[in-house]
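Below you'll find the structure, written out as structure tokens, and then a few comments.
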Amino acid sequence: MTGSTTPIKIAALRNSAPVFAALGDETRLRLVAALCDGQPKSIAQLAAGTPISRQAVTKHLQVLSKAGLVRGMKSGRERLWEFEAARLERARHSLRLIAEQWDQALSRLKQMVENEPGGARGGHNSDG
């Protein structure tokens, strides 16, 4: 039965890889955090108070956009950026799948160790 869900899990992980790669950069992580308040922000607002140039912020936002974490929209003469929560939620789902797999593997290991002759405490007598 678990064999039928494995391809879905692999596909979910593959689709989430760009999200994790994008969030692996401290600057991009800070940009996502700044956009998590739900208020669209301009590049100038996102660059304000940081040593990062507007051009660098733009490049980071493009990486985040390609990963599906933010989207830009035209507002007059400037571009506003907003956070895309759904994409991050799908990545969180992938992490839950990984955690479930680890829990299952650890449970199987525990059962195997407990069912071995001598049990979990068994083993060798060091008295010689």
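- Across all non-hydrogen atoms, the minimal contact from Q39 to K41 is O-NZ, 3.3 Å.
- Salt bridge absent: E84 and R90 never bring a charged side-chain N and a carboxylate O closer than 4.0 Å.
- Screening L31, L80, L61 for a side chain to side chain contact (heavy atoms under 4.5 Å, CB included) involving I43 leaves a single residue, L61.
- Nearest heavy atom pair, residue K74 against residue R79, reads N-NH1, 3.8 Å.
- Using a 4.5 Å heavy-atom threshold, the side chains of V19 and R87 count as touching.
- Between L35 and E82, the closest side-chain pair of non-hydrogen atoms is not below 4.5 Å.
- Distance CD1/I52 to NZ/K59: 13.0 Å, rounded to 0.5 Å.
- Side chain of Q45 to backbone of S42: a donor-acceptor contact under 3.5 angstrom is found.
- Counting heavy atoms from C-beta on, the side chains of R28 and V63 come closer than 4.5 Å.
- The side-chain heavy atoms of W81 and L64, taken from C-beta on, include no pair separated by under 4.5 Å.
- For Q55, the CD atom sits in a loose shell: 12 or fewer heavy atoms of surrounding residues, nucleotides or ligands are nearer than 6.0 Å.
- Residue R54 qualifies as open at atom CZ: its count of foreign heavy atoms under 6.0 Å is 12 or below.
- One distance of note links CZ of R108 with NZ of K110; it measures 14.5 Å at 0.5 Å rounding.
- Under the 4.5 Å side-chain criterion, counting only non-hydrogen atoms from C-beta, L23 is in contact with L88.
- Contact of the L95 side chain with the F20 side chain is registered, since non-hydrogen atoms from C-beta on lie closer than 4.5 Å.
- For the residue pair A67 and P18, the shortest heavy atom distance occurs at CB-O, 3.6 Å.
- The shortest distance between side-chain heavy atoms of P40 and M73 falls below 4.5 Å.
- A salt bridge links R30 with E26; the closest basic N to acidic carboxylate O contact falls under 4.0 Å.
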